[in-house]
Amino acid sequence: MKERMNKLTNENKILIMLAFYSISIGLWGNFRQLWLENNSFTTNQISQILSMGTLLCALGILLVTNKIHGNKLKNFFLISFIVKILNMFVLFRINGGEYVNLIRISIIIDVIIEQMATICIYPFICTIKKDDILYSKRKLIEYLFKDIGILIGGMLIGKAFFSVFIDYNICLYISIIFLIIACIILLTIRTNKCNIETKEIEEGNILKYIKEHKLIRIYLLYNAFGNISMQIGLGLKMLMLTNMFGFSAGNATNYLLIVGLIADAIGILALKYFTPKDDYITNFIKFGIRFIGYFIAFLTNNLIICLIAITWSILISTAYENRIDGRYINSVPKEYQLAFNNVSHVVSYISQAIGLFFAGIVYNYGIRYILGLSAFFMLFQITFQNTLIYMLHHPKKGD
């Protein structure tokens with residue numbers, strides 16, 4: 001094993017590390033909400049815990065981007081992996097116990113580390129090699145192996161192997177094993193200091209740039225309302241599928257896996273063949289149909305219509321990103337890209353935290369109110385997106 005790892009290039013090692021890390025995230029992340037429910041947490045408490053972890057992650061971004069630069073990213077990942085492994089062992093040991101506050105703290109730590117590490121993956125790859133093909137491979141591996149993690153969980157949950165019943169806690173343990181493997185591979189990676197860029201844009205400069213460009217301000221508002229809407233509608237999807245639609249944990253996992261894989265395929269096909277020339281049509285396909293589905297589900301309160309609306313929302317989630325997000329992100333000059341990326345992530349995590357908080361509040365009222373509230377925020381998202389399209393086609397000075 002050691003000899004084979006020595007023969008691999010650093011690029012391949014980091015992709016293999018990402019694969020094992022993504023399996024761990026997919027396996028544990030898929031059952032985390034149900035694990036908490038199994039430990040007597042209510043849906044509202046679960047949403048608050050996940051919301052707090054996501055909100056604190058936004059603060060973590062500011063710390064990491066200001067204090068941890070390219071030459072320190074490997075150490076950041078190593079420490080993050082070790083802390084996450086130890087923290088997950090704590091969760092594994094206190095499962096079913098009475099350590100409610102410790103569980104809360106541990107889950108928040110788990111969410112923060114998981115999301116922070118995911119954000120920093122590509123900057124770490126850039127310390128090895130900066131390449132468009134490598135970037136594409138990274139995205140493919142991240143999505144694919146998360147789905148493999150979900151698949152592993154769906155195949156194992158509820159079954160017995162060698163007299164061991166596979167429950168949510170055993171899935172947590174298996175996730176730890178994959179994370180340990182990722183950590184071992186990380187130790188073999190050597191960073192290339194000549195690829196580490198140290199040029200930075202001061203925080204005041206990027207804020208000044210955003211203040212002077214209306215297009216970017218509107219994009220951040222669109223991003224914020226979009227994340228709030230998405231997290232309200234799908235942030236607690238495993239709890240919704242098992243408690244509201246009557247799916248078993250295994251069937252819910254298989255449903256999300258199949259729909260997610262189809263969504264990836266639709267995203268690839270849409271990028272190559274099905275992208276309309278009119279951006280307003282693209283916006284309607286991406287968000288308009290989703291809004292109509294959610295609104296009809298709210299009016300009818302029919303579980304089948306609700307499930308169809310949720311399924312469409314997931315299916316279209318990865319399509320048209322080049323038209324909906326890419327062109328506005330790429331309009332930012334190269335020297336501001338890194339700083340803008342940090343600001344964008346802060347806005348995204350704060351809005352996701354707000355969405356998760358609202359999701360927990362309306363959950364107890366039923367599926368129709370979850371989708372109805374999501375549709376309400378979606379109206380703002382669609383309005384801001386249409387405004388962006390208009391501004392893009394009718395540019396003015398200062399936009």
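What you are looking at is a predicted structure, and each value in this text was computed from that prediction instead of being measured. In what follows, every heavy atom counts, from backbone to side chain, and hydrogens, waters and symmetry copies are set aside.
Side-chain atoms of Asn39 do not come within 3.5 Å of backbone N or O of Asn95 as any donor-acceptor pair. Side-chain atoms of Lys13 never come within 3.5 Å of backbone atoms of Leu186 as a donor-acceptor pair (strictly under, hydrogens ignored). Judged purely by atom type and a 3.5 angstrom limit, Gln33 uses its side chain to pair as donor or acceptor with the backbone of Gly235. Counting only distance, with no hydrogens or angles, the side chain of Arg368 and the backbone of Phe298 share a donor-acceptor pair below 3.5 Å. Put simply, the side chain of Thr300 gets close to the backbone of Ile296: a donor and an acceptor are under 3.5 Å apart. For Ser229 (side chain) and Phe377 (main-chain N/O), no donor-acceptor pair under 3.5 Å exists by modelled atom type. Side-chain atoms of Thr253 do not come within 3.5 Å of backbone N or O of Ile150 as any donor-acceptor pair. Side-chain atoms of Thr318 come within 3.5 Å of backbone N or O of Ala263 as a donor-acceptor pair. Checking side-chain atoms of Ser22 against main-chain N and O of Leu18 turns up a donor-acceptor pair under 3.5 Å. Counting only distance, with no hydrogens or angles, the side chain of Lys146 and the backbone of Ile23 share no donor-acceptor pair below 3.5 Å.
Aromatic ring orientation, Tyr222 versus Tyr219: tilted (interplanar angle from 30° to 60°). Below 30°, between 30° and 60°, or above 60°: for Phe380 and Phe376 the angle between ring planes is above 60°, a perpendicular geometry.
A donor-acceptor contact closer than 3.5 angstrom is absent between the side chains of Asn283 and Asp279. Between the side chains of Asn223 and Ser351, no donor N or O sits under 3.5 Å from an acceptor N or O. A donor and an acceptor atom, one from each side chain of Asp167 and Trp35, are nowhere located under 3.5 Å apart. A side-chain N or O of Tyr363 and one of Asn243 form a donor-acceptor pair less than 3.5 Å apart. Counting only N and O atoms by type, the side chains of Arg323 and Thr282 include no donor and acceptor under 3.5 Å apart. Under 3.5 Å, the side chains of Tyr99 and Ser106 contain no donor-acceptor pair of N or O atoms.
Of all heavy-atom pairs spanning Gly158 and Phe165, the tightest one is O-CE1, 3.3 Å. Taking each heavy atom of Leu156 and Ile166 in turn, the nearest pair found is O-CB, 3.2 Å. Scanning all heavy atoms of the two residues, the minimum distance from Gly153 to Phe31 falls at CA-CE1, 3.6 Å. In terms of heavy-atom proximity, Ala224 sits nearest to Val347 at CB-CG1, 3.9 Å. Closest of all the heavy-atom pairs between Gly250 and Ile157 is CA-CG2, 3.6 Å. Residue Tyr369 comes nearest to Tyr365 through the heavy atom pair CD1-O, 3.3 Å, listed as atom of the first residue, atom of the second, then distance.
Distance SG/Cys183 to NZ/Lys84: 12.5 Å, rounded to 0.5 Å. Atoms CD1 and CG, on Ile308 and Leu303 in that order, are 11.0 Å from each other to the nearest 0.5 Å. Considering CG of Leu239 and CE of Met244, their distance stands at 8.5 Å, rounded to 0.5 Å. Here the CD1-CD1 distance, from Ile354 to Ile228, works out to 4.5 Å after rounding to the nearest 0.5 Å. One finds the CE atom of Met378 at 10.5 Å from the CG atom of Leu373 (value rounded to the nearest 0.5 Å). Going from atom CD1 of Ile108 over to atom CD1 of Ile103 covers 12.0 Å, rounded to the nearest 0.5 Å.
Linking ILVMFWY side-chain heavy atoms closer than 4.5 Å, directly or via other members, places Leu34 and Leu36 in a single hydrophobic cluster. Note on Ile218: it clusters hydrophobically with Tyr280, by side-chain heavy-atom contacts below 4.5 Å among ILVMFWY residues. Ile85 and Met17 fall within the same hydrophobic cluster, defined by Ile, Leu, Val, Met, Phe, Trp and Tyr side-chain heavy atoms under 4.5 Å apart, directly or through other members. Under the 4.5 Å side-chain heavy-atom criterion for ILVMFWY residues, no single connected hydrophobic cluster contains both Val83 and Phe178. One hydrophobic cluster, built from ILVMFWY side chains closer than 4.5 Å, holds both Phe92 and Ile49.
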Evaluate side-chain contact (heavy atoms from CB on, under 4.5 Å) for Asn254 paired with Phe247, printing each intermediate quantity in order.
CA-CA 10 Å; Asn254 293 333; Phe247 284 51; over 6 Å; no

Can you check side-chain contact (heavy atoms from CB on, under 4.5 Å) on Ile113 and Asn87, steps first, answer last?
CA-CA 10 Å; Ile113 295 176; Asn87 187 60; 5.7 Å; no

Evaluate salt bridge (Lys or Arg N to Asp or Glu O under 4.0 Å) for Arg32 paired with Glu114, printing each intermediate quantity in order.
CA-CA 12 Å; Arg32 184 163 48 204; Glu114 177 182 310; 3.0 Å; yes

With side-chain contact (heavy atoms from CB on, under 4.5 Å) as the test, would you mind laying out the steps for Leu257 and Asn30 before giving the verdict?
CA-CA 10 Å; Leu257 175 65; Asn30 187 57; over 6 Å; no

Are Asn364 and Asn44 close enough, and set up right, to give a side-chain hydrogen bond (donor to acceptor under 3.5 Å, both in side chains), and what steps lead you there?
CA-CA 8 Å; Asn364 293 327; Asn44 192 34; 5.8 Å; no

When you look at Met116 and Ser80, which way does the side-chain contact (heavy atoms from CB on, under 4.5 Å) test go after all the steps?
CA-CA 9 Å; Met116 288 295 299; Ser80 297; over 6 Å; no

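Residues Asn169 and Leu172 form a side-chain contact, since some pair of their non-hydrogen atoms from C-beta on lies under 4.5 Å apart. By the 4.5 Å heavy-atom criterion applied to side chains, Ile180 and Phe81 are not counted as neighbours. At a threshold of 4.5 Å between non-hydrogen side-chain atoms, the residues Met230 and Arg290 count as touching. Residues Ser331 and Ile216 meet the side-chain proximity criterion, which asks for heavy atoms closer than 4.5 Å. Within the 4.5 Å cutoff, side-chain heavy atoms of Ile350 are placed close to those of Leu55. Tyr390 places none of its side-chain heavy atoms less than 4.5 Å from the side chain of Thr387. Here the side chains of Ile152 and Met155 are not in contact, with every heavy-atom distance at 4.5 Å or above. Proximity of Phe284 to Ile292: side-chain heavy atoms (C-beta onward) are separated by under 4.5 Å at one or more points.
For Arg93, the CZ atom counts as loosely surrounded, since its 6.0 Å shell holds 12 or fewer non-hydrogen atoms of other residues, nucleotides or ligands. Summarising the local packing, CZ of Phe245 is surrounded by more than 12 heavy atoms from other residues, nucleotides or ligands at distances under 6.0 Å. By the 6.0 Å contact criterion, CZ on Phe287 is enclosed, its count of non-hydrogen atoms from other residues, nucleotides or ligands being greater than 12. The local environment of CE in Met238 is crowded, with over 12 non-hydrogen atoms from other residues, nucleotides or ligands closer than 6.0 Å. Within a 6.0 Å radius of CZ in Phe161, more than 12 heavy atoms belonging to other residues, nucleotides or ligands are found.
Ring centroid separation for the pair Tyr209 and Phe340 does not come in under the 6.0 Å cut-off.
The pair Arg217-Glu212 fails the salt-bridge criterion, with no side-chain N (NZ, NE, NH1 or NH2) lying under 4.0 Å from an Asp/Glu carboxylate O.
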